[in-house]
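Read through the structure below, which is laid out as C-alpha cells, and then see the notes.
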Amino acid sequence: MARSRNRCHPFNTEGLVRLWLLRMLVPLGLHRKFFGKSCVNEDAIALALGLDAWLDIDSDEYRPATLLVELRRLHAQAERAACSTQPPKVLSANVEQLANLVELGDIDQRILEFAILLHTDPVLDNSADGLGMLTSSQVAQCLAVVLNLTEREVQAALSNQSVLARTGLLHLDRRTSNTLKCKIDLISEDFADAMFSFPVDGIDELLRGAVTRAAPPNLSLDDFDHMKEPLSIVIPYLGRAREEQRTGVNVFLYGAPGTGKSQLACVIAKALGCELFEVAGHGTDGYPIDGEHRLRAFRFAQSFLAGQGKLVLFDEVEDVFDDGDTLFGRKSIAQTRKAWINRMLEQNQVPALWLSNSVDCLDPAFARRFDMIIELPVPPKRQREKILRQACGDLLTPEAVARISAVDKLAPALITRAARVVQAIRPDLPECSQTTRAIEHLISATLVAQGHAPLKKADACSVPAHYDPAFVNVDADLTAVAEGVGSSRNARLCLYGPPGTGKTAYARWLADRLGAPLYARRASDILSKWVGGTERNLARAFCEAEQSGAVLLIDEVDSFLQDRSGAQRNWEVTEVNEMLTQMETFAGIFIASTNLMTGIDPAALRRFDLKLAFGYMKPAQVWALFRRECEVLRLADPDPGLESRLAHLACATPGDFAALRRQHRFSPLASPSALAAALEAECELKNLGGRAIGFL
C-alpha cells in the first residue's frame, strides 16, 4: 500500500470496524503491507487504531518488530471485547428490519453488515484492498477470519441459493479475481449509504437506489384508444394475477421510442388501482446503472414487494437482453444467465411489465415465457390529431394539424417535446404562423435524425383540390363503387392505367368520402435491402391499417406481385407469397395502384374484388375540365373554337391539369389560349414515347 498523506480520522473507526481491521492486520497478515521499511505506510489505519505516535517517529527510531508486538496486543485486547462489540445502531436496526422482511439469518446479517461498512467506510475499504486480488474461495477464507465464522458457513451464505443472493442484496462475483469490495457487491451504493446513514422508514427508503416509485401518469386510457383490444386483455389479467397472487406473470411491451410505453405502464397501474415500482436506470448521482445491477434490482424488488399487490416495471430491457456484441462474440447478460432468467420469468412473485424499443432483443426461449407480448405502435392519424391539439393548442394552424398528423412515424413524445420548446419561447413568436413553422422545424429535424423522411409542406394523403371523379375516364361508376365499398368496409381494389389518370387521387377521395384515414405506402417505403425485411414491412403495413380502420393504398404494387413463374431468387417468391397472404386475410379496404398490369402474378389478379382501368380523358371530359380550370385560374371564358382544338389530345389526364395549375403559381398563364398551348405541350411530351430528349 502506498503511504497516505491524509491524516484525517475516518468517519467510523470504533467498535466492529476496529476489530475487523486488527483481524486483517494480524491473523490475515496484512501487517506486512502496513509496515514500511522506514515508516508506517498507511496513516489512516494508524490513526484508526490509535497508533498516532508511530507517525512521528524518525526512520532511525522506527522498529517494525516493536510495532508488530503492539498490533498483537491491540488485537488480543479487541478479541477479548469482541462479544460486546456491536455494529453502529442505525446499521444494526436497518439490517434487522431487512431480516424480518426476507428472513435473513444471523450469519447473513453479519456478512451484510460487513459488506455495507466495506462500501461506506474508506479506511475499511482501503485496508481490504491490501488483501490483493482474491478468488471466490479466498473471499470465503478472509470473511471467515474477519467475522469469526467457519468457511462452510460463509460459503453457504454466499451461494447462489442463499437468501442474500436470491433477494439480490449481495452478490459474490465468481467470474474473476478481484478486490474484496468488488467481489462482494451490494445491490447499489445508494442502498449502502442509506442503510448506514439514517433509519430506514418505509419501502421507498428501503428500495433506494435500486427501485423507485413510478410517477403518476400524465395520460389516461382515452389517450391509448388505439390499444383498446390488447388493454381489454392485459388489465383484467394483471388484476386477477394480483388478487390470486399468481407467480410468473410477465408482460412484454415494445414499440418505437416516444410511443408512450412508460406512460402506458403507469396508466395500466392506475387502472388497476395499484402502485408501480420501476427498476432504476441510474443512481442518485445520475450515473447509469449497468444491466447486471438492474437485473439484481429486479430480484430485490421481487423479494420486498411480494404479496403486497404491487406491479414492477423494467424499462429499457435491452440492458439485459441485448447488451452483447455478436461481432466480438460477447454474450448478453441474459444469455450468460439463461437458466436463471427462465426460472425468474416462471417464478417471479410480483407481476412485471418489461419495456423495450424492439422485440428483436428477445431470444425465442425467453419470448415464450412471457404471458403477453404487445406492440405499442405509433397512434393512428385520428389519435395523432388529438395529441397535436392537446399539446400544441393554438400554436398550430388547423391546416398544419392535418398535415403533421398525416405523418405515420409521428410518436407522441416527439409532439410533446416540440410543443414544450415552442411554448417556452412563445413571447418571441407572437404569430401563429411563426409557432407553426417552429414546431414543424423541430418535428421535421427529429424525424430526419431518426432516419425518417422530413415533414412535407403539403399533406400527401389529402384529396387534391377541385377533385371530381367525373373527370376520370374509368370503366365503372366511381361514386357507386364508393357507396358499395362503404357499405361492406371490406374490399380489394386494383387501379391500373397510365400515370396521371387519377388512380391515387381516387384512393384519397374514397378514404375521405368514407371518413377513414388513408395509409399510403409507396414501394420505396416497403422494399428492404435485408432478406425478409420487405415481408415484415408488408405485414406491418396491413396490420397498422387494420388496427386503425384505415384505407390502405400501396402504389407501384407491381413491385410485389410479379409473376412467380419467372422468379430467379427465393426472396422474389417469398415477397409475392407474403403480399398474397396479407391480401387474403386483410379485414379492411385495400387499394393497389400500378401503371403496369403486364407480368403480375395471376393468383394476385384473382384476389382483387374489382379491377378498374383508368384511361386517358375523353374529349368531353377534357373540355369540361379545361373550362373549370379557366375559372379556377381566373382566366377569361375560353373561345368555343378551343374545344375542337383540344379534342385532338389523345393522352390528356387530370394529372396534366394539376401540373399546369402548379406551373401557374410561378409562370402565370395569361389566357385560355396559353393554357391550351401548355396542355398540348404536356401531352406532346408523352407522344415522344421512347425517342431521346436532349443531346445525342
Side-chain angles (χ1 to χ4, degrees), residues 12 15-17 19-20 82-83 85-121 124 136 139-140 142-174 180-181 183-211 247 277 279 293 295-308 310 312 340 343-344 347-350:
N12 180 35
L16 217 49
V17 171
L19 173 63
W20 291 338
C83 293
T85 304
Q86 300 296 325
K89 291 183 179 179
V90 170
L91 175 61
S92 179
N94 288 338
V95 170
E96 185 177 352
Q97 187 180 163
L98 280 177
N100 294 332
L101 287 172
V102 292
E103 299 180 354
L104 293 176
D106 177 65
I107 293 172
D108 299 324
Q109 294 179 58
R110 290 168 65 181
I111 292 176
L112 184 59
E113 288 167 350
F114 175 81
I116 290 171
L117 286 170
L118 181 63
H119 281 256
T120 54
D121 190 310
L124 186 61
S136 297
V139 167
C142 289
L143 289 181
V145 172
V146 172
L147 301 178
N148 195 27
L149 300 169
T150 67
E151 284 187 40
R152 180 172 295 181
E153 288 174 327
V154 174
Q155 289 170 348
L158 296 180
S159 71
N160 289 331
Q161 291 74 40
S162 68
V163 178
L164 289 174
R166 284 189 286 106
T167 58
L169 282 168
L170 189 146
H171 169 71
L172 175 62
D173 184 1
R174 291 177 168 81
L180 184 60
K181 179 179 177 179
K183 290 289 287 186
I184 51 173
D185 194 18
L186 289 170
I187 184 67
S188 73
E189 294 299 324
D190 289 337
F191 167 77
D193 290 338
M195 293 294 289
F196 176 78
S197 303
F198 52 83
V200 170
D201 182 20
I203 194 72
D204 289 327
E205 292 182 357
L206 186 62
L207 301 177
R208 184 171 179 250
V211 183
T247 58
F277 285 84
V279 174
H293 281 83
L295 195 59
R296 288 170 52 197
F298 179 82
R299 300 167 67 183
F300 187 60
Q302 289 290 326
S303 298
F304 288 96
L305 299 177
Q308 300 182 40
K310 316 290 187 184
V312 172
W340 184 87
R343 286 197 303 272
M344 181 190 68
Q347 300 172 6
N348 59 298
Q349 294 179 286
V350 184

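All values below come from the heavy atoms of this structure, side chains included, with hydrogens, waters and symmetry mates left out.
Looking at I111 and I184, their side chains never come closer than 4.5 Å, going by heavy atoms from C-beta outward. Contact check for V312 versus V279: side-chain heavy atoms found under the 4.5 Å cut-off. By the 4.5 Å heavy-atom criterion applied to side chains, L91 and T120 are not counted as neighbours. Side-chain contact between V90 and F196: absent, with no pair of heavy atoms (C-beta onward) separated by less than 4.5 Å. Between E113 and L147, every side-chain heavy-atom pair lies at or beyond the 4.5 Å cut-off. Side-chain contact between T85 and W20: absent, with no pair of heavy atoms (C-beta onward) separated by less than 4.5 Å. Between S136 and L158 there is no side-chain heavy-atom pair separated by less than 4.5 Å. When side chains are defined from C-beta on, V350 does not count as touching F277, because their heavy atoms never get closer than 4.5 Å.
Among all heavy-atom pairs drawn from A301 and V211, the shortest one is CB-CG2, 3.6 Å. Minimum interatomic distance between S162 and A156 (heavy atoms only, all atoms of both residues): CB-O, 3.4 Å. Listed here is the closest heavy atom pair of L19 and A82: CD2-CB, 4.0 Å. The two residues E151 and A140 come nearest to each other via the heavy atoms CG-O, 4.2 Å. Shown here for T167 and V163, the closest heavy-atom pair between the two residues is OG1-O, 2.8 Å. The minimum heavy-atom distance between R174 and K183, with the atom names listed, is CA-NZ, 4.1 Å.
Atom CE of M195 is separated from atom CD1 of I187 by 12.5 Å, given to the nearest 0.5 angstrom. Here the CD atom belonging to Q161 is positioned 9.0 Å from the CZ atom belonging to R166, to the nearest 0.5 angstrom. Note that CG of N94 is 8.5 Å distant from CZ of F191, once rounded to the nearest 0.5 Å. The NE2 atom of H293 sits 8.0 Å away from the NE2 atom of H171 when rounded to the nearest 0.5 Å. Once rounded to the nearest 0.5 Å, the distance linking CD1 of I107 with CG of L112 reads 13.5 Å. Considering CG of L164 and CG of L104, their distance stands at 6.0 Å, rounded to 0.5 Å.
Evaluated for a side-chain contact (heavy atoms from CB on, under 4.5 Å) with L170, the options D185, L186, I116 yield exactly one hit, L186.
Listed by first then second residue, pairs satisfying salt bridge (charged side-chain N to carboxylate O under 4.0 Å, His left out) with a partner in residues 95-110 read D106-R110, not counting sequence neighbours.
Put simply, the side chain of R299 gets close to the backbone of A165: a donor and an acceptor are under 3.5 Å apart. Side-chain N or O atoms of Q302 include one that pairs as donor or acceptor with a backbone N or O of Q349 at under 3.5 Å.
By the 6.0 Å contact criterion, CD on Q109 is enclosed, its count of non-hydrogen atoms from other residues, nucleotides or ligands being greater than 12.
Not counting sequence neighbours, the partners of T150 by the side-chain hydrogen bond (donor to acceptor under 3.5 Å, both in side chains) test are E153.
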